[in-house]
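One structure is given here, and the rest of the page talks about it.
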Amino acid sequence: MPLLPKPQHLKRYQEIAWLLMKHGRSDLVQASGLDEVLAESPAGQAMAAEAKSLADDLESLGPTFVKLGQLLSTRPDLLPPAYLHALARLQDKVGPFPFADAERIVASELGVRLSKAFAEFEATPMAAASLGQVHRARLRDGRRVAVKVQRPGVRERVLDDLEALEDIGAFLDSHTDVGRRYEFARLLEEFRRSVLRELDYIQEGGNRVTLRRNLASFPRLFVPAPVEDYTTSRVLTMEYVSGTKITALSPVVVQEVDGAALAEDLVAAYLKQILVDGFFHADPHPGNVLLTEDGRLALIDLGMVARVTPRTQDYLLQLLLSVSEGRPDEAAAYTIKLGQPREAFDEATFRRRVGDLVGQNRDVEEMEVGRAVLELAWLSADCGLRLPPELAMLGKTLLHLDEIGRRLDPDISPNALVRRHSASIMQQRLVQSLSPGHLLTGALETKELVERLPERLNRILDHLANNQLEVKIDAIDEAKLMAGFQKVANRITLGLLLAALIVGAAMLMKVETSFRILGYPGLAIIFFVLAAAGAVALVATILFKDE
C-alpha cells in the first residue's frame, strides 16, 4: 500500500525521493507512492524540465532524431522515468511540404497523373509528420481514401543521420564502460531496422493486412485496409476513417458509447497480438486510436510493429501473470529466462529488487502492470541482465492501453482485464500448438528420428564390438593434472633433501675436525649454505613461477 505523506514531512519526503531517484532506485519511489511528491519538488521539476528540453532538442534535429527519441521512450534500461515520459509525448511537429512536391511524388510512384488516378485529391494535408503527410482523396470508383505521401529526400537524410549515429555508437562501445554495458551499436542497429521499415509503405500496407486478419474476431476494432494498386514504397493509399482521437473525446461522447466493452476488447486484442499471434502494433498511444462514427476503435498508424518468437511468448505470458498477480519470485525467474546475464549480473540483488518492485504492489486491482513491466526492464539493466526489446515494448504498450482504457472507462482496471483474459490466451496458445501445421512438423521430425534410428544403433554397436566406442567428457585436462602432481612430488622431495642437509649439518657441528670455516666445522657450514641456497631457490620458484 503506498505511503500516505504527512504534510509536516513533505520537504523531507521530496529529498529522500530525489536521493533514491538519483542513485537508481526509482522502483522504490514508485512503490512507495513518492513519485507524485517528487514531481512537485524543485528537483523533480528540474528533472522534468531537463527531460522536456531533451525532447525539444531532438525535435529540432529532424525526423531521424524524433524517431530515435520515440525509440528511447521504450527503453527504461537507459533513461529514468521523467525522460521516458517526456519522450513518449514526442510528436512530429513539422509543417507540411508543398502540394506540388506531393503531386510530383504520387504521379512518379503511381505512373499516372494525379487527375487520372483520383477523382478528388485535397491539396491541404489533414496531418503532417517528419516522414510524410496525409491527404484526403476519392478514387474513381467513389471510395474515400487517405493517401500518405513520403516527405521528399527524407530517406537520404535518415540514412546519413544513421551513419553518423552508428560511428558514434561504435566508438562508445569500444572505448567506454557505458558503451560496453548498454551496447549502443546494438541499439542503433535495432533503430535502423525500425526506421527503414517505417519508410517502406509497402511493408506498412502488409502490416495492415496481417493485423486486420488477426483482429477479425473483434468487431469493435477496425484497421483501415490498404488499396494495393495505389500503394508503393513512398505512397500508401488506405481506407479513410472518420472519427475522433481518444485524446479529444468529451465526457458526453464517452457516456454515449460502451466504453467498458471497447476497453476490454482493446486489451484482449493486444494480448492476443502479443501472446498468440506474435505480431503486434507496438505504438498504440492515444493519438493513434480513433473512435469512429459507428462506435468502433480504429488503429490508424501501423508504422511501428514488433514480432515475438513462440518461446519468448511463453515466458512473456508467465511473466505478465506473475507481475499482475504480485508473485515476485516467479517474476524474477521468468525475467532471467528471458534475458542474457552479463558478467556483472548479480542475481541475488536482482531478485531482491524484483521483490521490492512486485511485492509492494499488494493491491493487484490498482497496480499498473505496464509501468511495473517497464520498471522491471530498467532494474534488469541496472543489475546486468540484458532483456529483449520486446519486453520494453510490451510494457509501453500496456501503459498506453491503460491510458486509453481509463479515458474510455475511468473505473476500469486493465490489470484485472489482463488476469481475466489469461485463461483465454492459454487456451488459444494450446489450440495453436495443436494446429495441423505444428502437428505435421512434429510428425516429420518423428519420421526422421524413426528412419535414422536403426543406422545410428548399428553404428554404436559396431564401435562397441570393435572396442572403438569413445565417450568424450568435458572435464579437467589430465595432462595439466599430472604435471601438477609431478610438481608437488618434486617439491616434497626437494623439501626432504633440504631438511636432511640441515639435520646433517647440525649433527656435523659436534664432530671435531681440523677443517674449519669461520671457526666452525667446515663441512657443516657447507651443508648449511647449500640448504639455505636451496630454500631461497624454492621460495623464489613458488612466488614467481607457480600459478
A side-chain contact here means heavy atoms from C-beta on lying under 4.5 Å apart; do [X] and [Y] qualify?
| X | Y | value |
| --- | --- | --- |
| V154 | S130 | no |
| D161 | L68 | no |
| E190 | R186 | no |
| L262 | I404 | no |
| L196 | L159 | yes |
| Q318 | K337 | no |
| P63 | R157 | yes |
| Y270 | H400 | no |

Which pair of heavy atoms, one from [X] and one from [Y], lies closest together, and at what distance?
| X | Y | answer |
| --- | --- | --- |
| L221 | A269 | CD1-CB, 3.2 Å |
| S322 | E330 | CB-CB, 3.8 Å |
| R208 | I300 | NH2-O, 2.7 Å |
| L215 | V223 | CD1-CG2, 4.2 Å |
| S380 | T335 | OG-CG2, 3.6 Å |
| P226 | L236 | CB-CD1, 4.2 Å |

Please round to the nearest 0.5 Å and tell me the distance separating atom [atom1] of [X] and atom [atom2] of [Y].
| X | Y | atom1 | atom2 | result |
| --- | --- | --- | --- | --- |
| E239 | R212 | CD | CZ | 5.0 Å |
| E198 | Q203 | CD | CD | 10.5 Å |
| L385 | D346 | CG | CG | 11.5 Å |
| D167 | L162 | CG | CG | 11.0 Å |
| L376 | L319 | CG | CG | 6.0 Å |
| H175 | D173 | NE2 | CG | 11.0 Å |

Check: [X] side chain, [Y] main-chain N or O, donor-acceptor pair, under 3.5 Å:
| X | Y | result |
| --- | --- | --- |
| Q313 | I274 | yes |
| R151 | A129 | yes |
| Q150 | L199 | yes |

Passes side chain to side chain contact (heavy atoms under 4.5 Å, CB included), N214 versus Q273? Steps please.
CA-CA 7 Å; N214 292 345; Q273 289 177 54; 5.6 Å; no

Apply side chain to side chain contact (heavy atoms under 4.5 Å, CB included) to I168 and F184, showing your working.
CA-CA 9 Å; I168 296 172; F184 293 122; over 6 Å; no

Yes or no on side chain to side chain contact (heavy atoms under 4.5 Å, CB included) for V289 and L299, after CA distance, side-chain angles and deciding distance?
CA-CA 5 Å; V289 181; L299 308 179; 4.0 Å; yes

Worked check of side chain to side chain contact (heavy atoms under 4.5 Å, CB included) between D301 and K148:
CA-CA 11 Å; D301 187 353; K148 184 193 289 189; 4.1 Å; yes

Salt bridge check, R351 against E347: does any charged N sit closer than 4.0 Å to a carboxylate O?
yes

